[in-house]
Structures are given as structure tokens and as C-alpha cells.
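Notes for the one structure printed next.
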Protein chains: 2
Amino acid sequence: MMKVTVLQNIMNANDQLAAENLKLLDKYKILSINIMSSPGAGKTTLLLETIKRLKDKMRIAVIEADIASSIDADKINREGVPAIQINTGGQCHIDANMVKSALDRLPLKDLDLIFVENVGNLICPADFKIGTHKNVMLLSVPEGHDKPYKYPLIFTTSEAVIISKMDYLPLSDFDVKVFKEVVTGLNPGARILPMSARSGEGMEDWIMWLEAQLKQVN
Amino acid sequence: MMKVTVLQNIMNANDQLAAENLKLLDKYKILSINIMSSPGAGKTTLLLETIKRLKDKMRIAVIEADIASSIDADKINREGVPAIQINTGGQCHIDANMVKSALDRLPLKDLDLIFVENVGNLICPADFKIGTHKNVMLLSVPEGHDKPYKYPLIFTTSEAVIISKMDYLPLSDFDVKVFKEVVTGLNPGARILPMSARSGEGMEDWIMWLEAQLKQVN
């Protein structure tokens with residue numbers, strides 16, 4: 001039983017810190033979005049394309065999480081947007097404390113929108129609150145439409161579900177209709193957004209969704 | 001410090017059980033392969049294609065792990081090969097105890113080869129020994145060639161690294177040469193196998209690699 005007690009305490013401490021992060025973000029009227037997916041589903045590409053379209057309209061920063069390396073933060077920085085890299089050192093998700101330490105290093109009074117790019121993983125990130133306003137997940141077409149059956153939690157805790165790499169659809173047996181039905185069954189309120197960063201398909205709907213969320217924190 | 005101690009004890013208990021699993025498999029001269037990848041990289045498809053090619057030559061069983069559902073075990077069973085489904089109930093990897101309980105349900109004296117399909121994840125499975133002879137991982141072309149930088153451990157602990165979904169290469173900026181160089185830098189002994197289950201590319205090399213491993217346990 002000791003193991004359970006210790007883990008319970010860790011979760012409670014994390015949830016408290018997450019609530020403090022959210023309070024801080026609300027104070028500065030910053031919308032914060034937690035982006036989750038498998039490795040290589042296109043989180044960084046989505047962020048780069050989003051930044052290109054929004055950076056003249058609003059002030060954006062990114063918190064990048066990875067087990068190791070700063071490849072993604074370097075890419076974001078090249079777009080002229082501040083990016084803080086978190087290396088989890090083996091941990092399969094970020095926690096509220098890591099996000100807090102990144103927020104401490106960002107110029108919050110000069111920001112409107114913060115993206116947190118979580119570690120590439122469909123499992124652990126769904127278990128840990130980090131104190132962001134919205135969860136967004138990507139599932140890429142090559143991963144297959146059966147993933148909601150196998151990893152249900154992340155689909156039920158995401159306010160928006162992006163189907164990324166729609167340009168791979170002609171080569172794939174991904175069934176968009178079945179996928180939408182299953183996700184809606186798990187999470188009736190989820191906004192499902194088919195997208196291809198390469199062709200630009202779906203980017204306009206995504207930007208409109210983001211702008212609607214922004215209004216809610218202002 | 002208590003948290004660390006508890007985790008240390010869990011790891012030691014797991015490693016002991018893993019050693020017992022391996023001893024049991026050696027006793028029955030069964031080759032066991034732990035298959036790891038991101039969600040949707042093609043583990044089940046690889047197994048189905050491998051079973052088609054080998055089931056008349058040797059006796060195969062599969063241990064299927066998922067957070068939830070029995071979709072993959074059902075697919076394997078349809079090939080006429082016994083498959084035991086493990087549901088981890090949220091845990092991001094399987095452990096030696098789960099494999100032990102699955103081995104207890106398999107007819108070991110009638111088997112030559114057991115595949116364990118781990119949970120779809122590039123992080124947690126690499127941390128836990130389960131008592132198999134060899135680790136094999138798949139990275140699919142759409143995931144991108146930068147993944148060894150971000151998830152180094154799984155690449156260093158795998159004896160074979162399969163580049164799956166090679167049929168997506170014309171649509172992708174995946175650089176096979178760079179990927180091979182980085183993997184070889186991390187893990188000079190790793191066998192790197194480009195593969196497409198759809199076209200059949202690379203399947204012959206993979207089967208030859210498996211047959212060479214089989215000789216080592218006999």
C-alpha cells in the first residue's frame with residue numbers, strides 16, 4: 001500500500017502546482033494550450049505553421065518538452081518566437097513543476113498565447129495536469145484510425161483532436177468517418193480537425209478555433 | 001528519498017522476474033523477441049506478415065500488450081497463432097510480471113518463437129526488462145529521422161531497428177542515410193532494416209535475421 005500512498009501524494013502536489021500555473025496564466029490573460037501526440041505526428045510542424053499565421057497578430061511563446069535534445073526549440077526560435085526547452089531526462093511526460101519553471105523564464109506580461117509541446121507519447125501526458133487551459137492532441141493518418149480504442153484517455157481529455165498528415169490519406173487505409181465516430185463516442189464535445197500542414201488543409205479552421213479560445217481568457 | 005527507494009525496489013524485483021522469464025524460455029529453447037515502437041508504426045502488421053511467412057516452418061505465439069482493447073490479439077488469432085492479450089490498464093509499458101503471467105498461459109513445450117508486442121511508446125518500454133532474448137524496434141518513415149536524438153534509449157537497447165513504412169518515403173523528407181548514421185553512432189551493433197510490409201521490401205532480410213537469432217537459442 002505504501003507505493004500507492006506515495007504516488008497519490010505526488011499527484012496531489014502536481015495538481016496543486018497545475019492550479020497555480022493556471023492562476024498565473026489567467027492573471028496575465030494568456031491562453032495556454034497543451035499539445036500532445038505520438039512521436040512524429042507533427043506537433044512542431046503544427047506550431048511552426050501556426051506561428052507563421054499568428055505572430056503578427058499576437059505575442060506567442062512555446063515551451064518545448066523532450067526526453068533529450070533541443071531540436072524543436074531551435075526550430076521555434078528561428079521563427080522569432082521565444083521557446084524554452086525542457087528536457088525530462090527520461091520521464092515520459094512533463095509535469096506542472098517543469099511548466100512552472102519554464103513560465104518563470106518567460107516575459108508573461110508581454111504574451112497572449114503559450115503553447116506547451118508535450119513529450120511524444122499517447123499515454124503518460126494524458127495522466128498529468130500541467131496547468132494549461134486546453135488540451136489539443138494530434139493523431140497522424142499513418143498511425144491508423146484504431147488508436148482511440150487503444151489509448152482512450154488522451155482522446156477523452158482533449159478539447160480538440162487534430163487528424164494530421166491528411167496528405168498521406170491516399171496511401172493509407174485510415175477511415176476518417178470511423179475515426180470521427182469513435183472519438184465522438186468517447187468525447188462528444190471534442191472538436192475534430194482534419195489537417196495537412198503541407199497542403200494547408202484545415203489550418204484556417206484550427207486558427208479560428210484558437211481565436212475562439214483566446215476570447216475566453218480575455 | 002523514500003520515493004527513490006521504493007522505485008529502486010520495484011526495478012530490482014522486475015529484473016529478477018525478467019531473469020526468471022528468460023531462464024524459462026531457455027529451458028524450452030524458445031526464442032523471444034520484444035517488439036517496440038510508437039503507436040501505429042506497424043508492429044502488428046510486421047507480426048502478421050512474419051507469421052504468414054514462418055508459421056509453416058516453426059511454432060509461434062504472440063503476447064500482445066495494450067493499454068486497452070484486444071484488437072491486435074484478435075488479428076493475430078485469425079492467423080491461427082495463439083495470442084495472449086495483456087491490458088496494462090493505463091501503464092505505458094509491460095513489465096516482467098505481466099509477461100510471466102502470459103507465459104504461464106502458453107503451451108511452452110510446443111513453441112519455437114514468442115513475440116511480445118509492447119505498448120506503443122518510444123519511452124517507457126525501453127526502461128523495463130521483461131525477460132526476452134532480443135529487443136527489436138520499429139520507427140516508421142512518417143515519424144521522421146530525428147527521433148534517435150529525442151528518444152535515444154530505445155535505439156541503444158534494440159538489437160534490430162526496422163525502418164517501417166518505406167512505401168511512404170516518396171511523400172516524406174525522411175533521410176535514410178542520416179538516420180542510419182545516427183543510429184549507428186548510438187548503437188554500433190544494431191542491425192538496421194528498411195522495410196515495407198505493403199510492398200514486401202526488407203521482409204526477407206528480417207526473416208533471415210530472425211532465423212539467425214533462433215539458431216542461438218538452439
Side-chain angles (χ1 to χ4, degrees), chain A residues 2-7 9-10 37-42 44-45 64-72 75 87-93 119-127 139-154 164-165 167-174 196 198, chain B residues 2-7 9-10 37-42 44-45 64-72 75 87-93 119-127 139-154 164-165 167-174 196 198:
Chain A
M2 189 167 70
K3 184 183 139 208
V4 174
T5 314
V6 174
L7 286 177
N9 290 345
I10 293 171
S37 81
S38 296
T44 311
T45 303
E64 278 292 341
D66 269 305
I67 297 291
S69 92
S70 64
I71 295 174
D72 292 345
K75 283 184 193 165
N87 282 142
T88 67
Q91 198 169 298
C92 56
H93 62 91
V119 179
N121 195 302
L122 286 190
I123 307 165
C124 324
D127 273 328
L139 187 87
S140 64
V141 164
E143 290 173 79
H145 60 257
D146 61 347
K147 295 302 165 290
Y149 295 112
K150 295 183 176 182
Y151 308 93
L153 185 62
I154 196 163
S164 62
K165 307 196 188 183
D167 45 305
Y168 283 95
L169 204 58
L171 281 184
S172 165
D173 55 8
F174 191 100
S196 163
R198 196 168 290 167
Chain B
M2 188 167 70
K3 183 185 142 207
V4 174
T5 314
V6 173
L7 286 176
N9 289 345
I10 293 169
S37 79
S38 296
T44 311
T45 303
E64 278 291 341
D66 269 306
I67 297 289
S69 94
S70 64
I71 295 175
D72 292 343
K75 284 184 194 166
N87 281 142
T88 66
Q91 198 169 297
C92 55
H93 61 91
V119 178
N121 195 302
L122 285 191
I123 305 165
C124 323
D127 273 329
L139 187 86
S140 65
V141 164
E143 291 175 78
H145 61 256
D146 61 347
K147 295 302 166 290
Y149 295 112
K150 296 183 176 180
Y151 308 93
L153 186 62
I154 196 163
S164 62
K165 307 196 187 182
D167 45 303
Y168 283 96
L169 204 59
L171 280 184
S172 165
D173 55 8
F174 191 99
S196 163
R198 196 167 292 167

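Sequence lines set the chain letters: A, B, ... in the order given, protein chains first and strands last, and positions in each chain run from 1.
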Heavy-atom distance under 4.5 Å to chain B: side chain of [X], backbone, both or neither?
X: A/Pro142; result: both
X: A/Lys147; result: side chain
X: A/Ala41; result: neither

Non-hydrogen atoms of chain A under 4.5 Å away: do they reach the side chain of [X], the backbone, both or neither?
X: B/Leu153; value: neither
X: B/Ser172; value: both
X: B/Asp167; value: backbone

Please name the pair of heavy atoms, one in [X] and one in [Y], separated by the smallest distance, quoted to 0.1 Å.
X: B/Lys75; Y: A/Asp146; answer: NZ-OD2, 4.2 Å
X: B/Asn121; Y: A/Ile123; answer: ND2-CD1, 3.5 Å
X: B/Tyr149; Y: A/Ser69; answer: O-CB, 3.8 Å
X: B/Glu143; Y: A/Lys165; answer: N-NZ, 4.4 Å

Quiz prompt | Heavy-atom pair count under 4.5 Å with chain A, highest-scoring of B/Asn87, B/Leu171, B/Asp72 | solution = B/Leu171
Quiz item: How would you list, by chain and number, every residue that makes a ring pair (Phe, Tyr, Trp, His ring centres under 6.0 Å) with A/Phe174, sequence neighbours excluded?
Solution: A/His145, A/Phe179
Quiz item: Is a donor on one side and an acceptor on the other found under 3.5 Å between the side chain of B/Tyr151 and the backbone of A/Gly120?
Solution: yes
Self-check item: Contacts of B/Asp66 that satisfy salt bridge (charged side-chain N to carboxylate O under 4.0 Å, His left out) - sequence neighbours left out
Solution: none
